[in-house]
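As structure tokens, the structure follows; a few thoughts come after it.
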Amino acid sequence: MSMKNDYFGKPINRVDGYAKVTGEAKYAAEFNAPNLLYGYIINSTITKGEIKTIRTEKATALAGVVKVFTYKNRKNTAWLDLKYADMDAPPGIPFKPLHDKKIRYNSQPIGLVVAESFELARYAATLVEIDYDTEDHHTDLMANLDAARKPKKGLASFFKPGPPKPKGNADEVFESSAFKASGKFIHGMEHHNPMEMFSSTVMYEEGGKLTIYDKTQGAVNSQLYVANVFGKSFKNVRVISPYVGGAFGSALRPQHQLFLAVMASLDLKRSVRVSMNRHQMFSFGHRPYTVQDTHFGADRAGKIQSLNHTAIGETSRFEDYSETVVNWANMIYPSANVSLDYKLVPLDVASPMDMRAPGGVTGLHAIECTIDELAFAAKIDPIEFRMINYSDHDDSSGKPYSSKDLKECFRQGSESFGWHKRNPEPRSMKRDGKLVGWGMAVGLWDANHLPARAECLLRADGKLIVSSATADIGTGTYTVMAQIAADGMGMSIDNVEFQLGDTKMPFAPIQGGSFTAASVGMAVKAACLGLQGKLLKQAKKLKPEMFKGTTTDDVEFANDSIRIKGTTDQVLSLSAIVAATGQKEIKSRNTGFPRVLKQRKYVRCAHSAVFVEVEVDEDFGLVKVTRMLNVVAAGKIINPKTARSQILGGMVWGISKALREETIMDHRFGRIMNSSLAEYHIPVNADINKLEVIFVEENDTIVNDLQIKGIGEIGIVGVAPAIANAIFHATGKRINNLPITLDQLMA
Amino acid sequence: MVPFNYLVAKGTAEASSLSQSHILSKFIAGGTNLIDLMKENISRPDTLIDVNKIQGIGQIEELRDGSLRIGALAKNADTAYHAIVAKKYPLLSQAILAGASPQLRNMASNGGNLLQRTRCYYFYDVATPCNKRDPGSGCSALGGYNRIHAILGASDNCIAVFPSDMCVALAALSASLNISGINGDRTLDFADFHRLPGDTPELDNNLQPGELITSIDLPPERFDSHYSYLKLRDRTSYAFALVSVATALKIENGLIKDARIALGGVAHKPWRNSEAEGYLKDNQPNAQNFAIAADIILKEAKGYEHNTFKIELAKRAIVRNGLKAVNQSQV
Ligand SMILES: Cc1cc2nc3c(=O)[nH]c(=O)nc-3n(C[C@H](O)[C@H](O)[C@H](O)COP(=O)(O)OP(=O)(O)OC[C@H]3O[C@@H](n4cnc5c(N)ncnc54)[C@H](O)[C@@H]3O)c2cc1C
Ligand code: SF4
């Protein structure tokens, strides 16, 4: 059967771009219902303890305030903890909003004021009086490191394997190594801060049927959660999420506004919207505070002999959120002696959550800065050092990579960046009175493929509607799926519409882990093949003489038609086939299955090499990233334009991670002090200078038939260490605590 | 946000009298600070008196004595880009444009800029004690996260800083303020407008209830040859100053004849030091002398757990900006 390549690999404009820039695209808080009620969330102001009294009379006395929900009067929900576990829940007991009087972390939701207007609900919330019995709390990871313990295992561990067993004797060999490098790396807490704030608009229908517009990276996950928690059947809960204004992992799990809006709607039998404000965007998951130690040793020739990497991250008291932080070093660099360890410290904080390349950005920062230090100690160029330690195998599992063209990333990257002009001596390069530094680092991220379903529906008017209950968090899902489907059916992309984000559509996993393009792409491909088969069957009925005895191998789909291969006159238009059946449409629903047996023999990863130039004004400790180049090997690229945007976004965020953003907590209060975009610093335009992306295409028949690896996360992974290494090259200073602020550097 | 009444004042006298008769009222100009504070429940006026319709306090005009009068209602952006300001008082233009974002500067009025409140994290979080917001409750910043806080002129009651950039230039230029109130008009030296926290951190300035700022006067001495505004912050734009310096110099025959150095981001008000400025007079404008002046200015500086770096940062900024001012010449 045929698959064209008219659109695959082409820089097609975002198909949803027009709707987004004109405001036509509607987000969860923008869907309206008659008599809509508005909920405003009340957050706890203490970190640990119990609600002693909660007085709502003043609030409910206001005309227009419908009800104030607290743990005392909330509707009964599932009593089994497991029912609260969504598809991305880590081991433990998920946080249950308004469940009881216990306070588990600061700013946890403890009430919902529902009123006829948003402004009224917000005002009424200030009139609710709460007294607490407080208990001592612990929120400071650095002060509680002695409580570190092994993470619990659960379903989520499937994607986040713990560290492999030690090899050889890492400590001893490190001590006797010719060259050594080590470091302590501290990463503060970070919050996702997507532009669109979390909202759910719940439309109530007679009989308790709900249609929910939710901000989510997986409509099916929200549906599952609501159905389980509120004891509803799936058919009575429809979740719709056509557009997501950024999420970065924060919408992988249903957030508490969904619970609260559904609770209020079912109780009041009315449609309800609950939206968070920016402060409240800091009242749930975050990238965990993490501290790491590395000890790497190499022999006289620069060959790595020992890798020792430990990490301790924070988690909440109720869930063991874990990340893969320490596993990467030995996947990149072979070593006979390896010791890796990862532990958690439970604290009185919200459960951390996946944030773009969780664990990878954290771990690779420590690894790639230590490697840079090791290369420096051995007086070997950082790229040469990595070539000395290059491998096509993942040394930690002993398996080969399905493809790995990192070498080509190095080659193209250093040539384009002009790396050979680099003077290896720190503080040797200057420009306009400022120190100039060049640094590089490697990035690595998993290329996964999960089962997913899609539907292809061809209408008599010749339009192809392709759908899957996946999401587009700004990544370009709408666009690339339209490309794959247009190619799959040999149709013009103008006649193809991809739809997503509705639980009525065929199942797709939550959008995360960079696996959507591959998983949903393969499902779309499968559905195209399914539809091709059905169309051929109908074609035979319609034109028996033309298609007599043909199998799918004898025909091809092109120009919105089916034809006998190699002919130009033995053609039948697809719309004519549908029309001839007398029906409105022909459709096929299919599943794209990963080829697990084949894949299992390999390790599948995307790779990158990041090159950075910084200018440092040493008096003031000011760093300017004057240029950055990210060379990415991630299989084949479906759409170089949307792909480039993805990588650019990762690079900007990498600058943010290295130099700008951090959530500041005052541990006396357990409160976050900079929960606004004025004080939570992310880069502004003036922080961003020249950014370039190169894709090194790889042939990879193992990952999936589309040969794509996913690029949602690889773009950020190597950026922070490349910047830190460039700063070292500029100044001779190794600053391992992120973000690298001016006070750290001017000292 | 507490529900409020909305009134419009058509003249300065009406504004003052409305304010007098509504004890819990607030004037509103651009609203870029006040509305935020109301949303956070920090400011809870029961009445907003819109001053934007008042005629005659929004223009920028040269006075007969050579000074420049800048209306309180003129927008920050219009002021910075005004031909006379840009040409004759470039230090002020530079300082304004170093603040906030283009969108904010388009909305922000000059009067409102003078009255904007501190960005202290605790002041903004009503769940934590703060003497400025809630007198007598304590200062959370003292033993807390005080990276952005004061190193000069603070008290045990409050270590907040005044966040404006524009006002640092106004301090350096020795501006004065025209104020209208229920008991008539008065003029105040800019230096006497903002207060140090002392025992009354809840008071940011010496404006009396019901008083309206109508305009800012810039004296004829305009420092359009040797000037520079330097702002050091955590990102390249859209962040408040950790330390900023407005430097204005008059140089004749290679010697400094008049020196103005005002610091922002370090105290409860724009900070000037007459001893340091006096030292520079009749001295050469070189790094060594600026460093001595910097030492004088920061002599009494006191850091807290997270902001001690500001002392050294301020010294280096004074030196660098002094040299920038020397070399920056419009003519
Ligand atoms: C995110 C953000 C970043 C910012 N960054 C900076 C920065 O980097 N540098 C900087 O300098 N500023 C910065 N600002 C502050 C900005 O400059 C001020 O908000 C603005 O100048 C206030 O002017 P306004 O007209 O909007 O005042 P309003 O908000 O209308 O009023 C502020 C106060 O002034 C009072 N008031 C207004 N006019 C008068 C008058 N004529 N007489 C008496 N009282 C009056 C009001 O009653 C109110 O109390 C920032 C603001 C925000 C929100
Ligand atoms: S420094 Fe001033 S504003 Fe900040 S908490 Fe202390 S009293 Fe309040």
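Numbers restart at 1 for each chain; the letters A, B, ... are given by sequence-line order, proteins then strands.
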Contacting region of [X] [heavy-atom separation from chain B under 4.5 Å]:
{"X": "A/Leu677", "value": "backbone"}
{"X": "A/Asn43", "value": "neither"}
{"X": "A/Leu120", "value": "neither"}
{"X": "A/His667", "value": "neither"}

Output the distance between atom [atom1] ([X]) and atom [atom2] ([Y]), rounded to the nearest 0.5 Å.
{"X": "A/Ile688", "Y": "B/Thr236", "atom1": "CD1", "atom2": "OG1", "result": "8.5 Å"}
{"X": "A/Asp743", "Y": "B/Asp234", "atom1": "CG", "atom2": "CG", "result": "7.5 Å"}
{"X": "A/Arg671", "Y": "B/Thr128", "atom1": "CZ", "atom2": "OG1", "result": "7.0 Å"}
{"X": "A/Ser676", "Y": "B/Tyr121", "atom1": "OG", "atom2": "OH", "result": "9.5 Å"}

Hey, is CG on A/Asp432 packed in by over 12 heavy atoms from elsewhere, all under 6.0 Å?
->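 Atom CG in A/Asp432 is not crowded, with 12 or fewer foreign heavy atoms closer than 6.0 Å.
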Evaluate whether atom CG of B/Asn286 has more than 12 neighbouring non-hydrogen atoms of other residues, nucleotides or ligands under 6.0 angstrom away.
->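 Yes - once you tally the heavy atoms of other residues, nucleotides and ligands closer than 6.0 Å, there are more than 12.
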Where does [X] contact chain A at under 4.5 Å (heavy atoms): side chain, backbone, both or neither?
{"X": "B/Asp125", "result": "side chain"}
{"X": "B/Glu40", "result": "side chain"}
{"X": "B/Leu104", "result": "neither"}

Beyond-backbone contact of [X] with [Y], side-chain heavy atoms, under 4.5 angstrom:
{"X": "A/Ile682", "Y": "B/Arg235", "answer": "yes"}
{"X": "B/Arg320", "Y": "A/Asp617", "answer": "yes"}
{"X": "B/Pro129", "Y": "A/Phe669", "answer": "yes"}
{"X": "A/Glu679", "Y": "B/Phe240", "answer": "yes"}
{"X": "A/Ile664", "Y": "B/Arg147", "answer": "no"}

If every non-hydrogen atom of A/Leu742 is compared with every non-hydrogen atom of B/Arg233, which pair is closest and at what distance?
->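 What the structure gives for the nearest pair is CD2-O, 3.6 Å.
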Could you have a look at A/Lys624, A/Glu119, A/Arg122, A/Arg660 and say which one has the most heavy-atom pairs with chain B under 4.5 angstrom?
->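 Max contact count across the listed options: A/Arg660.
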Check: A/Arg668 side chain, B/Ser140 main-chain N or O, donor-acceptor pair, under 3.5 Å |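 Yes; at least one donor-acceptor contact below 3.5 Å.
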Is a side-chain donor or acceptor of B/Arg316 paired with a backbone partner of A/Phe620 at a separation under 3.5 angstrom?
->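 Not a single qualifying donor-acceptor pair exists.
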Under a 4.5 Å heavy-atom cutoff, which of B/Ala239, B/Ala317, B/Ser101 has the most pairs with chain A?
->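 The option with the most such pairs is B/Ala317.
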Verify the distance criterion only: is there a donor paired with an acceptor across the side chains of A/Asp666 and B/Tyr122 at less than 3.5 Å?
->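 Short answer, yes.
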